[in-house]
Each structure stands twice: as structure tokens, then as C-alpha cells.
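Every chain is numbered from 1, with letters handed out A, B, ... down the list of sequences. Atom set for the values below is all heavy atoms of this structure, side chains included, hydrogens, waters and symmetry mates excluded.
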There are 2 protein chains.
Amino acid sequence: MAVGGPTGDDLVEMLAALANPIRLRIVATLAGRRDYVSQLAREIGVSRPLLHMHLRRLEAAGLITGRLELSDDGKAMKYYEVTDFDLHLTASTVAEAAQSLTRPDPGKGPAPKEST
Amino acid sequence: MAVGGPTGDDLVEMLAALANPIRLRIVATLAGRRDYVSQLAREIGVSRPLLHMHLRRLEAAGLITGRLELSDDGKAMKYYEVTDFDLHLTASTVAEAAQSLTRPDPGKGPAPKEST
DNA sequence: TTCACGTGTCATCTTTTTCTTACACGTGAA
DNA sequence: TTCACGTGTAAGAAAAAGATGACACGTGAA
């Protein structure tokens with residue numbers, strides 16, 4: 001997906017999702033091959049609940065996607081894989097994205113009202 | 001500066017620095033013209049102490065630089081401007097950067113020891 | 001002197017993020 | 001049944017980030 005213009009809010013979410021060693025490692029691992037949760041947790045070396053949280057964050061940002069599949073054993077395995085994200089960050093691209101920011105500060109005011 | 005390979009740690013720091021509405025807006029504002037702290041605080045609409053903290057984070061990540069200058073009035077003004085950062089984020093670039101990650105998880109173990 | 005403007009920091013509080021522990025469910029095999 | 005393996009979630013502790021207010025300093029002008 002070309003990202004000529006994610007909204008400022010979306011950009012913040014993507015950046016926040018990537019700005020973490022564990023999540024960076026998750027993306028790196030999934031970049032090689034898709035994997036299911038338990039196996040991924042073993043490879044990266046984190047607990048399943050923790051990995052689960054990080055996966056949610058990455059998926060919410062649109063950087064990875066997961067789908068539930070059934071193995072031959074009849075076990076439900078959730079496989080994750082990376083999406084085709086492509087972010088180009090320079091002062092100008094950031095400046096453009098910032099124009100569509102709706103939150104002046106994180107988690108406070110809901111949205112800016114239009115000036116009269 | 002081309003960023004064919006910032007270390008994983010550096011990348012995390014840059015991403016964390018940009019993953020914030022206020023800091024995104026700071027970079028966007030400085031992308032147009034350099035500015036000094038008090039004026040910047042007024043334009044963005046945040047307090048000086050708060051802006052000061054965000055500026056430190058951005059400067060630590062190497063995204064902006066500031067230098068102290070003297071105005072005609074003899075006042076010490078600290079002017080900030082953006083650097084020529086250029087980050088390209090895809091699954092593969094992230095995978096490459098992740099190889100040089102030294103911290104398995106944020107704020108726990110100091111550094112991984114080399115395996116024998 | 002007092003005011004307005006610039007710089008900075010410190011202590012504190014609130015909020016968010018991160019992480020662990022414990023629990024729930026389902027299936028196949030011994 | 002019990003065990004191993006897969007899935008998920010919920011509660012609470014710990015750590016980090018965000019934000020505020022009060023303070024310090026220095027200069028020029030009224």
C-alpha cells in the first residue's frame with residue numbers, strides 16, 4: 001500500500017506501533033515467514049499474553065494481519081503475516097501528515113472545533 | 001542523511017520521537033521555518049516546559065537541532081530547525097534494522113551477552 | 001524598580017504503556 | 001481422565017511518558 005497520505009492520526013498510530021523493540025522484532029520475524037502465535041512467542045522469547053497484546057497493536061495499525069486456520073490436528077492456529085506497508089518519512093511528508101492531525105494532545109480533547 | 005541503516009535502537013528512538021501528535025506538529029512547524037522556543041510554544045499551543053521536553057526528545061533522536069543565538073535586544077533565543085532525516089519503512093527495512101536491536105524488551109535487561 | 005520577554009529546571013501528578021499471573025475454552029493422543 | 005498443545009481474556013503491578021505549576025536566571029525598556 002502506498003502511503004502518500006495516511007492521516008496524521010494514522011501515522012502516529014503506525015509509528016507508535018513500530019516504536020518498540022518487541023514489535024519491531026515481530027514485524028522482522030513475520031517479514032521472513034508467516035507464523036502462528038505460540039510459535040512466534042517462542043522464537044521471540046516473550047509470553048503469549050504479552051505477544052498477544054503487541055500483535056493487537058500492530059494489527060490495529062494495519063501493519064500485520066492475522067487469520068484463524070485449522071491445522072490437520074484440528075487445532076485452531078492464528079497465523080499472522082505482514083502487510084505491504086511503505087512509509088516514507090521526511091520533514092515534508094511529516095509536515096503534510098501533521099495537517100490532518102485531529103488530536104492536539106494525546107488522549108485529551110476529542111477533536112478540535114472549526115474556528116468561526 | 002540517508003538512513004540505509006540506523007541501528008535498531010536508533011530506529012526505535014526515532015520512531016518513538018515521531019509517534020506523538022505534538023512532536024509531529026513540532027517537526028511540521030519547523031519544516032517550514034526555524035523558530036525559537038517561546039514562539040514555537042505559542043504557535044503550537046503548549047506550555048514552555050512541555051515543549052522543552054518534546055524538543056529534547058526530538059533532538060536526542062537526531063530529528064531536530066537547536067542552537068542558542070542572541071537577538072538585537074540581547075536576549076538569548078534558542079532556535080530549532082529540522083535535520084535532513086529520511087526514513088524508509090517497509091517490512092524488509094524494518095527486518096534489517098531489527099537485527100541490530102540490543103534490547104530484547106524495553107527497560108529490562110541492559111544488553112544481550114554474546115553466545116559462546 | 002517594575003514589567004515584559006527570553007532562557008532553563010525541578011517536583012509533582014496523571015495517564016498510558018508494558019508486563020506478569022492466573023484463568024477460561026477446545027482438540028487429539030496416551 | 002490426564003496431558004500437551006493451541007486459542008483467548010481479565011486483573012493488577014510496575015514502569016514510562018505526558019503534562020502542569022512554580023521556581024530560577026538574564027536583558028531591555030518604561
Side-chain angles (χ1 to χ4, degrees), chain A residues 9 12-26 34-61 64-80 101 103-110, chain B residues 9 12-26 34-61 64-80 101 103-110:
Chain A
D9 297 346
V12 168
E13 188 173 15
M14 293 186 197
L15 293 176
L18 288 175
N20 177 285
I22 292 184
R23 290 197 290 268
L24 212 63
R25 199 162 269 150
I26 291 174
R34 66 182 215 140
D35 212 345
Y36 63 95
V37 182
S38 290
Q39 176 62 18
L40 193 55
R42 267 180 245 115
E43 293 189 26
I44 298 183
V46 298
S47 67
R48 267 58 50 96
L50 181 55
L51 176 62
H52 190 263
M53 178 220 288
H54 286 305
L55 289 174
R56 284 192 59 178
R57 219 147 155 50
L58 285 169
E59 189 168 29
I64 66 175
T65 53
R67 74 169 141 281
L68 206 58
E69 298 183 12
L70 287 179
S71 70
D72 297 348
D73 317 50
K75 289 176 185 168
M77 328 272 284
K78 188 148 195 184
Y79 277 89
Y80 278 94
L101 274 175
R103 324 169 247 187
D105 38 291
K108 289 275 288 288
Chain B
D9 297 345
V12 168
E13 188 173 14
M14 292 185 195
L15 293 175
L18 288 174
N20 177 284
I22 293 185
R23 290 197 290 269
L24 213 62
R25 199 162 268 148
I26 291 174
R34 63 183 217 137
D35 212 344
Y36 62 96
V37 183
S38 290
Q39 175 63 18
L40 193 55
R42 266 181 245 113
E43 293 188 27
I44 298 184
V46 298
S47 66
R48 269 58 50 98
L50 182 55
L51 177 62
H52 191 262
M53 178 220 288
H54 287 306
L55 289 174
R56 284 191 60 179
R57 217 145 156 52
L58 285 169
E59 190 168 29
I64 66 174
T65 53
R67 73 168 142 282
L68 206 58
E69 299 183 12
L70 287 180
S71 71
D72 297 348
D73 317 51
K75 290 177 185 167
M77 328 273 283
K78 187 149 196 185
Y79 277 90
Y80 277 94
L101 274 175
R103 322 171 248 187
D105 37 292
K108 289 273 289 288

Next on the checklist: So if I take every side-chain heavy atom of A/R57 and compare against C/dT17, D/dG28, D/dG18, which nucleotide ends up nearest?
Outcome noted: C/dT17
Checklist entry - Between atom CG of B/L51 and atom CG of B/L40, what is the distance when rounded to the nearest 0.5 Å? => result 5.0 Å
Next on the checklist: Five pairs per end, C1' atoms only: what is the angle between the end axes of the helix from C/dT1-D/dA30 to C/dA30-D/dT1, to 10 degrees?
Outcome noted: 20°
Item to check | Per-nucleotide protein contact string for nucleotides 4-11 of chain C, where B marks a base within reach and S marks sugar-phosphate only (heavy atoms under 4.0 Å, - for neither) | outcome: -BSBSB--
Checklist entry - If we only count heavy atoms from C-beta on, is the A/H54 to A/L50 side-chain gap below 4.5 Å? => result yes
Checklist entry - Has A/N20 got a side-chain N or O lying under 4.0 Å from the OP1 or OP2 atom of C/dT18? => result yes
Next on the checklist: Could you work out, with side chain to side chain donor-acceptor pair (under 3.5 Å) as the rule, every residue matching A/R56, not counting sequence neighbours?
Outcome noted: none
Checklist entry - How many angstroms lie between CE in B/M53 and CD1 in B/I22, if you round to the nearest 0.5 Å? => result 9.0 Å
Checklist outcome for this item: Value for OH (B/Y80) from OG1 (B/T65), rounded to nearest 0.5 Å, stands at 9.0 Å
Checklist entry - Do any pairs count as a salt bridge (charged side-chain N to carboxylate O under 4.0 Å, His left out) and have a residue in residues 66-80 of chain A, sequence neighbours left out, and if so which ones? => result A/R34-A/E69, A/R67-A/E69, A/R67-A/E81
Checklist outcome for this item: Closest to the 5' end of DNA chain C, once A/A16 and A/G74 are matched to their nearest nucleotides, is A/A16
Checklist outcome for this item: From CG of A/L50 across to P of D/dA10 the rounded distance in Å is 17 Å
Next on the checklist: When you compare the side chain of B/S38 with that of B/R42, does any pair of heavy atoms fall below 4.5 Å?
Outcome noted: yes
Checklist entry - Below 4.0 angstrom from OP1 or OP2 of C/dC19, is there any side-chain N or O of A/H54? => result yes
Item to check | Length of the CE-P vector between A/M53 and D/dA10, whole Å | outcome: 13 Å
Close N/O contacts between protein and nucleotides 1-3 of chain C (under 3.5 Å):
none

Checklist outcome for this item: To the nearest angstrom, the CG-P distance between A/D73 and C/dA30 comes to 12 Å
Next on the checklist: Nearest whole Å is fine: how far is D/dA16 P from B/E13 CD?
Outcome noted: 15 Å
Next on the checklist: Rounded to whole Å, please give me the gap between CD in B/E69 and P in D/dT27.
Outcome noted: 18 Å
Next on the checklist: Rounded at 0.5 Å granularity, tell me how far CG in A/L18 sits from CG in B/L18.
Outcome noted: 11.5 Å
Item to check | Side-chain heavy atoms of B/V12 within contact of B/L101, under 4.5 Å | outcome: yes
Checklist entry - For the atom pair CZ (B/R57) and CG (B/L55), what is the distance rounded to the nearest 0.5 Å? => result 12.5 Å
Checklist entry - Taking atom C1' of D/dA19 as reference, at what distance in whole Å does atom CG of B/L55 sit? => result 15 Å
Checklist outcome for this item: The complete set of side chain to side chain donor-acceptor pair (under 3.5 Å) pairs with one or both residues in residues 43-52 of chain A, sequence neighbours excluded, reads A/R33-A/E43, A/Q39-A/E43
